[in-house]
Amino acid sequence: MSHYVRSLLLKILKQGPIPQHIGFIMDGNRRFARRMNYKQVVEGHSMGSDKLQEALNICFYLGVKAVTIYAFSIENFKRPKEEVDMLMELVKTQFIEVYSSHLINKYDLCVRILGNISLLPIDVQEAAKKAVDTTKHNTGTILNVCVPYTSRDEITSSIKSVIKSVENGHMQIRDINEEAIEKCLYTYGSPPLNHLIRTSGEIRLSDFLLWQCHKNCYIHFVDCFWPEFSLWEMLKIILEYQFGYN
Amino acid sequence: MFAHDITFQQDLKILDKIPKHLAVLFWGEINEKRLKEAAQLCCWSWCSGIKMLSIYNVEDDLKNNAQLLQSYIDTFSRHFFIHEKFIPIIRVTALCASKKPIYSNNEDSNLPDMQVNLISYADGRPWIAEVTKNLAEDVIQGKITSDELNIEELDRRISVPHFSEPQLLILFSPKIELEGFPPWHIHLTEIFHVPGNSEFHYSIFVKALRKYSKCDQRFGR
């Protein structure tokens with residue numbers, strides 16, 4: 001698609017209502033690498049990284065306030081050590097890229113880490129903390145990076161926080177409800193989730209944002225690998241949102 | 001259709017794997033037609049080797065019609081299994097928010113061959129909030145420590161014995177929207193979407209099972 005047409009399409013879309021919070025399961029980097037006969041799987045992840053930058057640019061340009069990405073599942077620690085180490089290196093590089101990225105200033109971007117950060121290697125923790133610290137005063141847009149994350153872990157952590165509040169006398173047991181649990185979730189502070197997009201054709205949530213997508217959220221299972229996720233797919237999703245808005 | 005029909009048996013033979021627990025979400029109003037479809041679904045499911053079936057509607061319509069559904073199942077299964085050696089016991093249960101039964105068919109004291117759970121919005125996030133309250137009480141009373149609060153403990157309490165995680169969820173809805181379906185239970189569930197508010201034909205049932213049969217779960221690896 002020519003740059004001009006792409007620009008025009010985005011400008012048109014921007015005039016209509018835009019979802020405030022989109023989640024991405026960026027699945028299929030490895031399978032994409034195998035299909036393209038790349039020598040190493042890391043090249044698929046690298047293409048995936050580029051695609052992420054592009055997707056973030058489009059989302060924030062259109063006016064999406066928050067994007068949440070599933071960067072690494074706690075379950076991914078089960079992968080071969082070599083691959084886990086490579087993925088941790090990739091995550092660290094991405095954090096370093098993020099806090100020196102033009103996206104930060106262009107969209108006043110605040111980066112948040114959602115997950116059990118103590119499970120990460122120290123150098124990755126430090127890169128993550130730096131990305132968070134350098135952007136914590138930004139209020140324009142939000143990038144929630146789920147690493148290492150599962151939704152059940154998030155819900156468990158939230159319930160533990162609620163119970164701690166009761167133990168400390170800050171809350172009564174009778175005040176425990178859905179809202180109380182929601183307030184302790186990692187995503188609290190972001191708008192409600194409107195869309196959850198998963199690439200690679202798989203039709204499951206894989207323990208991602210279960211609490212957040214359980215109502216008033218459209219789920220899209222897209223049948224292409226993440227590095228192939230195209231602007232057309234985004235346009236379709238935004239257009240559907242705009243048609244259904246009224 | 002009967003249980004021993006050739007087409008039915010052939011359709012089942014080619015499946016590599018069958019979900020132990022199948023869930024279905026019906027969007028919109030639950031009318032007599034939907035209840036009869038649910039009754040048919042129970043019989044097809046038992047024939048396929050499915051051990052548990054959960055049927056969800058966001059409102060309590062399904063639960064309020066539990067007895068009627070049980071009678072449709074009893075009628076339909078007498079016809080469907082007429083040529084079989086025995087008619088399976090398919091038992092409907094509907095629980096209210098506090099997990100006391102609204103309806104439970106206790107006439108037959110035998111263990112059911114297949115359990116059918118009727119679930120609604122209350123079994124999702126509100127139930128997780130209830131579990132949290134009970135946990136808070138147990139912590140205050142010293143029955144459990146904060147450190148012992150982990151995913152496994154929560155799973156034990158949220159997934160009550162009759163309603164565990166489904167492997168496959170068939171979603172009858174205009175778009176893929178979960179409408180409050182219990183979130184904790186579907187962390188790894190395959191979601192088969194049937195667009196619109198279609199009738200639940202046998203062909204849809206088979207298509208969903210086939211799709212499930214081909215799914216490759218890597219569990220993080």
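Quick note on labels: first sequence line is chain A, next is B, and so on, each numbered from 1. All values below were derived from every heavy atom in this structure, side-chain atoms included, with hydrogens, water molecules and symmetry-related copies excluded.
- Contacts between B/E137 and chain A at a heavy-atom distance below 4.5 Å involve backbone atoms as well as side-chain atoms.
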(request) Report the C-alpha distance between A/L205 and B/T189 in whole Å, list the side-chain angles of each, state the deciding distance to 0.1 Å, and finish with yes or no for side-chain contact (heavy atoms from CB on, under 4.5 Å). (result) CA-CA 7 Å; A/L205 298 172; B/T189 306; over 6 Å; no
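- Heavy-atom contacts from other residues, nucleotides or ligands closer than 6.0 Å to CD of B/Q141 number more than 12.
- Using a 4.5 Å cut-off between heavy atoms, A/I181 touches chain B through its side chain atoms alone.
- The number of heavy atoms from other shown groups lying within 6.0 Å of NZ (A/K183) does not exceed 12.
- For B/N150, the part sitting under 4.5 Å from any heavy atom of chain A is the backbone (N, CA, C, O) and nothing else.
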(message) Using side-chain contact (heavy atoms from CB on, under 4.5 Å), reason through B/K133 and A/R174 one step at a time and then give a plain yes or no.
(response) CA-CA 7 Å; B/K133 280 187 186 158; A/R174 63 168 179 268; 5.6 Å; no
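- To the nearest 0.5 Å, the span separating CZ on B/R125 from CG on A/L210 amounts to 11.0 Å.
- No other option in A/T150, A/D153, A/V84, A/V166 has as many heavy-atom pairs under 4.5 Å with chain B as A/D153.
- Scored by the ring-ring contact (aromatic ring centres under 6.0 Å, His included) test, B/F192 finds no partners at all (sequence neighbours excluded).
- Here B/H193 contributes atom NE2 and A/I203 contributes atom CD1; the two are 11.5 Å apart, rounded to the nearest 0.5 Å.
- In this structure, CD in A/E167 is found 3.5 Å from OG in B/S146, a value given to the nearest 0.5 Å.
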(request) Could you please spell out the steps behind the side-chain contact (heavy atoms from CB on, under 4.5 Å) verdict for B/I140 and A/I163? (result) CA-CA 9 Å; B/I140 301 285; A/I163 292 179; over 6 Å; no
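- Within a 6.0 Å radius of NZ in B/K20, no more than 12 heavy atoms belonging to other residues, nucleotides or ligands are found.
- Proximity of a side-chain donor or acceptor of A/R152 to a complementary backbone N or O of B/H187 within less than 3.5 Å is not detected.
- Listed by chain and residue number, A/K160, B/I151, B/L154, B/W184 satisfy the side chain to side chain contact (heavy atoms under 4.5 Å, CB included) test with A/T156 (two or more places apart in sequence, or in another chain).
- Looking at B/T132 and A/I173, their side chains never come closer than 4.5 Å, going by heavy atoms from C-beta outward.
- The side-chain hydrogen bond (donor to acceptor under 3.5 Å, both in side chains) analysis of residues 216-226 of chain A, with sequence neighbours excluded, yields the pairs A/H195-A/H220.
- The greatest number of non-hydrogen atom pairs below 4.5 Å with chain B, out of A/E83, A/E75, A/E178, A/K215, is found for A/E178.
- Within residues 168-182 of chain B, the residues approaching chain A closer than 4.5 Å by heavy atoms are, in numerical order, B/K175, B/I176, B/E177, B/L178, B/E179, B/G180, B/F181.
- For the pair A/R204/B/I191, no side-chain contact is recorded, criterion being any heavy-atom separation below 4.5 Å from C-beta on.
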